[in-house]
Asker: 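Before I ask anything, here is the structure I am working with.
Here the structure is a predicted model, which is why all the values come from computation and not from measurement. Letters A, B, ... are given to chains in the order of the sequence lines, protein chains preceding strands, and every chain is numbered from 1.
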There are 2 protein chains.
Amino acid sequence: MSSTTSRHVDDLSVVKSVSLASALVREIERLILTGELEPGSRINEIHLANRFGTSRGPIREATRSLEAKGLVEVVRNRGVFVRRLSTEEAVEIYDVRSALFGQAGRLLAEHMTDEILARLTGFITDMDKLAESGEFDAYYPVNLAFHSFIVDSAGNKTLAAEYRRFVDKLHLFRARSLVQGGGLAVSNREHREMVDALASGDGERAFITHWRHVDRAKKRLLASIDPPPRRLSS
Amino acid sequence: MSSTTSRHVDDLSVVKSVSLASALVREIERLILTGELEPGSRINEIHLANRFGTSRGPIREATRSLEAKGLVEVVRNRGVFVRRLSTEEAVEIYDVRSALFGQAGRLLAEHMTDEILARLTGFITDMDKLAESGEFDAYYPVNLAFHSFIVDSAGNKTLAAEYRRFVDKLHLFRARSLVQGGGLAVSNREHREMVDALASGDGERAFITHWRHVDRAKKRLLASIDPPPRRLSS
DNA sequence: GATACGCCGATTGTTGACAGTATCATGCGT
DNA sequence: ACGCATGATACTGTCAACAATCGGCGTATC
């Protein structure tokens, strides 16, 4: 038996309680989301099979799963390719995400507790500190955790899973670095509005603030990618 | 214009342009959604393979796809089971659906055309007639088409695909007959409100009406399934 | 009579092999 | 030199066989 430290070695001999294909889904997903498999690149079944020490069967099952999740694209007789998101698709996803996140805000507002409120304000003060001292690299993961916490606390597992799926999918966008940016202090001002709305217990107000938060992120992305018709060179 | 009068015989020898597994996904999906494979029942790989004249490989790929879509559940060494939706899950899906449908309304309101408006009012007058004459069986498909048309016209393919997926998933709910019901005339009054909002071009107003339409359907479902604590028998 | 144990059939998990197809390189003709 | 036909090659699509596992049933024991 391998002494399995949880270092991510390409070895999944440990798992026997879960199907090999399921484990492969997670592993390949990780390869994609970490960028090891770049968007647009082709996935070679044999290479992956050798890498993970299995045959092609489970690999194929895993890729079909990832296809349904929208992370890869399967072309007959050509192979499977890591999905590459166009700007249009990224914008579409933002619109789906804002709808889901808004709904999460609405649901959460309707059954807030003091503990949840405390956690939320905790996130915000943390982010305020990091924003002031300009520690961008530290700000981003807290920001992510803040959003995740809201969605997870909303009490709708289906909604949470879908939201997470779309956030993951956005990693396939070519300029995903732009997604992360967008004004720390500005962003945190919106966070305060969101938490205030949640604390008030007003579902409608919570929806609006949460929806708008994501919608503004979409607009920032659009502005930075598709600069408003201004004479560029020429 | 679908001139494809595809009689559904269990034969997919025609298809060669698309992978066998993809075709199987559609076929099995159909079996599930038509109820031929009942929620909770187990899917036997060999039986399906014989039925479609293939080996188990493609069947397995297809079921993994369906698992990611949420239509079936795979238990290791036990087999795949058609998902059975609990009341809680059905409610969760309604909340996701209302969020997506509301967003579709918002998006559609922001780029309405006369043609779209004409189509929408057409649906409504059709449904009015059917509701008056009490032709329930004919009302339901038109109602479905009306909702699909809105979502498809919103101009967000991702949103449309997701919405459709959740509507399909609701078919796995044990009492899906209840989902369809819920007052014809009442429903159509809400439809009018929706179309009025769309015609006004007010995205916010369109969102509210569309969201509320689904949310009310959820409430009707809850009311009919979880009857207010009243002494039942005993 | 009830419970624990062990065998057996059925079904899934996984594998290696074979067939078909798209891509790429080579060589020929113009 | 360029374009096109042709063959080699690598990869995917599909299949049938082997191994592992689970649930049910009968039996034995207390």
Side-chain angles (χ1 to χ4, degrees), chain A residues 1-2 10-29 31-32 37-38 40-69 71-84, chain B residues 10-29 31-32 36-69 71-84:
Chain A
M1 284 309 174
S2 55
D10 290 337
D11 174 29
L12 22 81
S13 59
V14 221
V15 284
K16 263 300 183 285
S17 60
V18 75
S19 110
L20 186 49
S22 311
L24 285 173
V25 168
R26 277 200 294 277
E27 287 302 309
I28 299 176
E29 201 170 289
L31 292 183
I32 293 177
L37 290 175
E38 293 181 7
S41 65
R42 195 170 66 82
I43 292 180
N44 187 314
E45 292 181 358
I46 299 180
H47 290 170
L48 271 189
N50 291 338
R51 175 167 185 172
F52 291 115
T54 71
S55 73
R56 286 172 47 217
I59 298 280
R60 284 178 68 85
E61 293 178 20
T63 52
R64 288 317 184 280
S65 223
L66 292 173
E67 181 191 21
K69 281 187 176 183
L71 288 182
V72 304
E73 189 175 3
V74 177
V75 183
R76 185 185 162 93
N77 288 325
R78 293 275 317 276
V80 323
F81 300 80
V82 180
R83 255 333 270 291
R84 169 181 281 154
Chain B
D10 288 340
D11 176 28
L12 21 81
S13 59
V14 218
V15 282
K16 262 301 185 285
S17 61
V18 76
S19 108
L20 186 49
S22 311
L24 285 172
V25 168
R26 279 199 294 276
E27 286 302 309
I28 300 176
E29 202 171 289
L31 292 182
I32 293 176
E36 190 164 342
L37 290 174
E38 292 181 8
S41 66
R42 195 169 65 79
I43 292 180
N44 186 313
E45 292 181 357
I46 298 181
H47 289 171
L48 271 189
N50 290 338
R51 174 167 186 171
F52 291 115
T54 71
S55 75
R56 286 171 48 217
I59 299 280
R60 286 178 66 85
E61 292 179 21
T63 53
R64 289 316 187 280
S65 224
L66 292 172
E67 181 191 21
K69 282 188 177 183
L71 288 182
V72 303
E73 189 175 4
V74 176
V75 183
R76 185 187 160 94
N77 289 325
R78 294 274 319 276
V80 323
F81 299 82
V82 180
R83 262 318 280 291
R84 169 182 281 155

Asker: Expressed in angstrom and rounded to an integer, what is the separation of B:Ile59 atom CD1 from C:dT11 atom C1'?
Answerer: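 Atom CD1 in B:Ile59 sits about 14 Å away from atom C1' in C:dT11.
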Asker: Counting C-beta onward and ignoring hydrogens, is there a side-chain heavy-atom pair between B:Lys69 and B:Val25 closer than 4.5 Å?
Answerer: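 Touching, per the 4.5 Å side-chain cut-off.
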Asker: B:Arg64 CZ to C:dT12 P: how many Å, rounded?
Answerer: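 Taking atom P of C:dT12 as the reference, CZ of B:Arg64 is at 10 Å.
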Asker: Between the protein and nucleotides 7-11 of chain D, which nitrogen or oxygen pairs are less than 3.5 angstrom apart?
Answerer:
unit_1 : atom_1 : unit_2  : atom_2 : d
D:dC11 : OP1    : A:Asn44 : ND2    : 3.3
D:dC11 : O5'    : A:Asn44 : ND2    : 3.4
D:dC11 : O3'    : A:Arg42 : NH1    : 3.1

Asker: In whole angstrom, give the distance that lies between atom CG of B:Asn50 and atom C1' of D:dT14.
Answerer: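 Computing the B:Asn50:CG to D:dT14:C1' distance gives 15 Å.
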Asker: Quick one: is A:Arg60 getting a side-chain N or O under 4.0 Å of the C:dT15 phosphate, OP1 or OP2?
Answerer: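 It does not, given that no N or O in the side chain of A:Arg60 lies less than 4.0 Å from OP1 or OP2 of C:dT15.
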Asker: The criterion is side chain to side chain contact (heavy atoms under 4.5 Å, CB included); which residues satisfy it with A:Arg42, sequence neighbours excluded?
Answerer: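 A:Arg42 satisfies side chain to side chain contact (heavy atoms under 4.5 Å, CB included) with A:Asn44, A:Phe81 once adjacent residues are dropped.
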Asker: Ignoring hydrogens and angles, does a donor from either the side chain of A:Arg56 or the base of D:dG13 sit under 3.5 Å from an acceptor on the other?
Answerer: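 Yes.
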Asker: How long is the gap from CD1 on A:Ile43 to CD1 on A:Ile28, to the nearest 0.5 Å?
Answerer: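 Answer for the CD1-CD1 pair, A:Ile43 versus A:Ile28, is 6.0 Å.
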Asker: Among C:dT15, D:dA16, D:dG13, which is the nearest nucleotide to the side chain of A:Arg76?
Answerer: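 The closest nucleotide is D:dG13.
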Asker: Could you tell me how far apart A:Glu61 (CD) and D:dT14 (C1') are, to the nearest whole angstrom?
Answerer: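 Value for this atom pair: 14 Å.
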Asker: Do you know which two heavy atoms are closest between B:Arg83 and B:Pro39, and how far apart they sit?
Answerer: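 In terms of heavy atoms, the two residues are closest at O-CB, 3.5 Å.
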Asker: Please report the shortest heavy-atom distance between B:Ile59 and B:Thr54, naming the atom on each side.
Answerer: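 In this case the closest contact between B:Ile59 and B:Thr54 is CG1-OG1, 3.9 Å.
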Asker: If I compare all heavy atoms of A:Ala68 with all of B:Ser65, which pair ends up nearest, and what's the gap?
Answerer: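 Smallest heavy-atom distance, with atoms named: CB-O, 3.6 Å.
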